[in-house]
Amino acid sequence: MNKKKLVKYMMSLILLMLFATAIELLYFNANALFRHAYTEQYSDTGENGRQFEKRETDESLIYTIHTDGKYIHKFFMEYQSNADISYTISVYQNGDFGKQISSLELSDQAFAQLQKAVTVINQKADRLEIKISKEQLSKDAGFIISDVFLVNQITVNPLRWIFIFTVLLLLYMVWAMQHVFAQHLEYTFFLIAVAMGSIIILLAPNNFVSWDEQIHFQNAYAITFHEKVQYTQSALDMYTLAVPSVNTLEERRLQEEYLQEQNQDIVVTEEKERNFVEYHKRAYLSQAFGMKLARMIGIPFREMIMLGKWFNLLVYALIMSAAIKYALIGKRLLFCIGLLPTAVFLASSFSYDAFVTAFLTLGMVLLLDEFVDEQKGLNWRRITVGVFALLLGSFSKAVYIPLLLLLCFLPGEKFISKKQRYLFIAAVIVIFLIMMASFVMPAATDLAGNIDSGGDARGGDTSVTRQLLYIIGNPLKYMKLLFHKLIGMLGLYFFGVQSRTSFAYLGTEGENAYFASLLLTIIVVIADKNENLLNKKIKIILGLAVAGVAALIWTALYLSFTPVGLNTINGVQPRYYIPLMYPFLLLFSNHKIKWTDFNQMKANTIMTLVNLAVLSCCIYKLILRPYCC
């Protein structure tokens, strides 16, 4: 890079930083900057400030604060309590004829561990009422409000600034360096996935918010120990979901201080049955490595959690980038699937879903490359890596292993002789049966021994063996139920909001971001300029493989999570279909519609910018605005 370009990029970087600062000050702090900035204190006695009123009704304890029509940014409350308390803030404004009307009602929580609570108001008010139901105020709670602060101050939010700057920087890089990022989608994907995934990790609440995240954390955490798993109070609170939930920047700081204070001593020790990492838990190795590294270098507990998540993200980004790089068909499709907000969110959480998705996708890419590259002989390196990737991806969820059977349908021209082809097919089937045995044999063994086992550990009338007996006794009834679920949920699970713009318990973005993501995917599928296509025979086989895996997913959840004999299937979530999106959507690729008249570099740039906009929108709406302001 010459000196002139270096100076240009450095100046651009400085301008972006200034622009991010301007947005933070002029937009997000506009009310404090252009109106009266203040901090007012209220207490029971009025000492060091003004006095609030306190009264009781038959149902509630009510604190009243007169605010003289001021704009209130945040409400701060200091209290003493031995229990968690829910409270409601009602905002009143003067209406016609001097009558005050309620303009806003907010519900929030005050946790015993923190002794401080903050609620974002962002509205003018003439009066506030803080209401607490008497049902919560038992003698043991001992709840007392000591001080209340109403604040409208200029405050630079570092988390929000980092988010704004990162998005601006990525937009600039993608647009200004199109010659690099538009022509090498694998580099672009890696950059955006790691940058935006890191933002999710930084902004996400410290308590677990993804699907079954506490279970995945415990599995990864246990791997970091040799013979005895040692839990500090912080680790135990994370695992048992006892960490207080927060929704403002100030509460996050209190929460982080609490976690660090509780991370000093070991409170629970568990003996490990074995040091061998079981096959179905190997998807946690990257997360365990991050936490182990954090403990070795002595960084705080919160950063240990972040590092565990970050290594999960790093593996996902690397493997998906490799899939995009080596794909002979559907590069743009892989790019869009890999950057789905739900997929990036899972990769930025404690989860094995990202590991499963990445390795299954890489395996499918390499195996399908063999069908696309049909004029050449077997590429043993590609096949070996592809099979290994599929096996790794299936360790945690063996239901995906039928995808391996695609290799049985490789064209005969790719083999030296019929003998070689038959031996190859036999080897594939043996590997398939071994993997399926890990899924089927335990239930079959229990069934043979008439053992009632398996089922949902959380309780309920669930049992793998009894459910299996029910299916054997009612095969047609179950097949009808399975067919109904497969067809009925096809569109929702492949194209619905829950598999695209959902952030688990943080909510979903089902409006502009979702429709932009869906429209972009449809355009990429039907109008992508693919030089290579799968023939009709392979598409039929691929479709059957996808249908078979989907049927196994529903059946596995019917066996494990559904009460025996129930005429529905519980527990199947749209995120389980993300690893199947690539092979499924390839079924619709064709040469009938092309971007032949559109510059391919511009097409890639636009596609990248839309994906970045969708991901940024979801992060802002579902994490930053509700939890970090």
Side-chain angles (χ1 to χ4, degrees), residues 28-32 35-112 114-138 141-153 155 205 244-252 254 507 621 625-629:
F28 290 104
N29 282 276
N31 283 295
R35 297 184 183 185
H36 175 55
Y38 69 91
T39 298
E40 284 193 349
Q41 181 177 357
Y42 296 79
S43 64
D44 192 15
T45 61
E47 186 178 355
N48 299 323
R50 302 175 65 177
Q51 187 175 12
F52 55 66
E53 299 173 5
K54 179 180 176 182
R55 62 187 174 89
E56 294 186 31
T57 67
D58 293 339
E59 298 178 348
S60 304
L61 176 64
I62 301 174
Y63 296 84
T64 301
I65 298 174
H66 297 282
T67 56
D68 306 323
K70 291 186 176 70
Y71 180 90
I72 304 170
H73 179 206
K74 287 184 179 180
F75 166 91
F76 289 74
M77 180 172 67
E78 295 182 358
Y79 56 89
Q80 292 86 44
S81 181
N82 299 318
D84 301 339
I85 299 294
S86 297
Y87 62 93
T88 301
I89 299 178
S90 297
V91 179
Y92 291 88
Q93 294 178 336
N94 289 333
D96 296 333
F97 309 109
K99 183 179 180 181
Q100 289 190 336
I101 56 174
S102 176
S103 60
L104 183 66
E105 190 166 281
L106 301 165
S107 297
D108 211 337
Q109 282 189 292
F111 289 91
L114 303 183
Q115 302 295 301
K116 292 180 182 179
V118 183
T119 303
V120 177
I121 305 292
N122 274 341
Q123 192 161 318
K124 283 184 177 181
D126 290 285
R127 176 166 58 96
L128 296 184
E129 282 191 354
I130 301 95
K131 187 180 297 184
I132 302 162
S133 68
K134 283 190 172 179
E135 291 181 8
Q136 301 182 85
L137 301 177
S138 63
F143 181 80
I144 299 173
I145 294 179
S146 55
D147 291 286
V148 168
F149 297 87
L150 301 182
V151 176
N152 185 38
Q153 293 286 357
T155 306
S245 57
V246 300
N247 55 17
T248 63
L249 182 66
E250 293 81 6
E251 288 179 342
R252 285 171 65 93
L254 294 171
K621 286 188 175 182
R625 190 171 64 186
Y627 294 99
C628 304
C629 290

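Distance alone, capped at 3.5 Å, is enough to place a donor-acceptor pair between the Gln136 side chain and the Ser86 backbone. Gln51 places a side-chain N or O within donor-acceptor distance of the main-chain N or O of Asp44, the cut-off being under 3.5 Å. With Lys54 contributing its side chain and Leu61 its backbone, the two residues share no donor-acceptor pair below 3.5 Å. One N or O on the side chain of Asn29 and one on the backbone of Thr155 form a donor-acceptor pair closer than 3.5 Å. Side-chain N or O atoms of Tyr79 include one that pairs as donor or acceptor with a backbone N or O of Phe111 at under 3.5 Å. Checking side-chain atoms of Lys134 against main-chain N and O of Thr57 turns up a donor-acceptor pair under 3.5 Å.
Taking CG from Leu249 and NZ from Lys74, the interatomic distance works out to 5.5 Å, rounded to the nearest 0.5 Å. Between the CD atom of Glu56 and the CD1 atom of Ile62 there is a distance of 9.5 Å, given to the nearest 0.5 Å. To the nearest 0.5 Å, the span separating CG on Leu137 from CD on Glu135 amounts to 10.0 Å. Considering CG of Asn82 and CD1 of Ile85, their distance stands at 9.5 Å, rounded to 0.5 Å. Annotation: the span from Glu129 atom CD to Tyr87 atom OH amounts to 15.5 Å, rounded to 0.5 Å.
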Exercise for review: List the steps, then state whether side-chain hydrogen bond (donor to acceptor under 3.5 Å, both in side chains) holds for Asn152 with Asn31.
Suggested key: CA-CA 8 Å; Asn152 185 38; Asn31 283 295; 6.0 Å; no

Check your understanding: Run the side-chain contact (heavy atoms from CB on, under 4.5 Å) check on Val246 and Leu114 step by step: do they pass?
Key -> CA-CA 10 Å; Val246 300; Leu114 303 183; 4.0 Å; yes

**Study point:** side-chain contact (heavy atoms from CB on, under 4.5 Å) between His73 and Val151, intermediate numbers included
**Key:** CA-CA 6 Å; His73 179 206; Val151 176; 5.7 Å; no

Review point. Can Glu250 and Lys116 be said to form a side-chain contact (heavy atoms from CB on, under 4.5 Å), step by step?
Key: CA-CA 9 Å; Glu250 293 81 6; Lys116 292 180 182 179; over 6 Å; no

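In this structure the side chain of Tyr92 never reaches within 4.5 angstrom of the side chain of Asp126, judged on heavy atoms. In this structure, Arg50 and Leu150 have side chains that are not in contact, with every pair of non-hydrogen atoms separated by 4.5 Å or more. Two residues are said to be in side-chain contact when any heavy atoms from C-beta on lie closer than 4.5 Å; Val148 and Tyr63 fail this criterion. Residues Phe75 and Ile130 meet the side-chain proximity criterion, which asks for heavy atoms closer than 4.5 Å. Between Ile145 and Phe52, the closest side-chain pair of non-hydrogen atoms falls below 4.5 Å. Side-chain contact between Leu128 and Ile72 is present, with heavy atoms from C-beta onward closer than 4.5 Å. Gln115 places none of its side-chain heavy atoms less than 4.5 Å from the side chain of Glu78. Side-chain contact between Ile89 and Leu104 is absent, with no heavy atoms from C-beta onward closer than 4.5 Å.
Under the 3.5 Å distance criterion, with hydrogens and angles disregarded, no donor-acceptor pair is assigned to the side chains of Asp84 and Gln109. Residues Asn122 and Tyr71 bring a donor and an acceptor atom of their side chains to less than 3.5 Å of each other.
Under 4.0 Å is where a charged nitrogen must lie from a carboxylate oxygen, and between Arg55 and Glu53 no such pair does. Salt bridge present: Lys70 and Glu40 bring a charged side-chain N and a carboxylate O closer than 4.0 Å.
Across all their heavy atoms, Ser43 and Ser146 have their closest contact at CB-O, 3.6 Å. The two residues Thr119 and Leu106 have their closest heavy-atom pair at CG2-CD1, 4.0 Å. Here the closest non-hydrogen pair linking Met77 and Ala110 is CE-CB, 4.1 Å.
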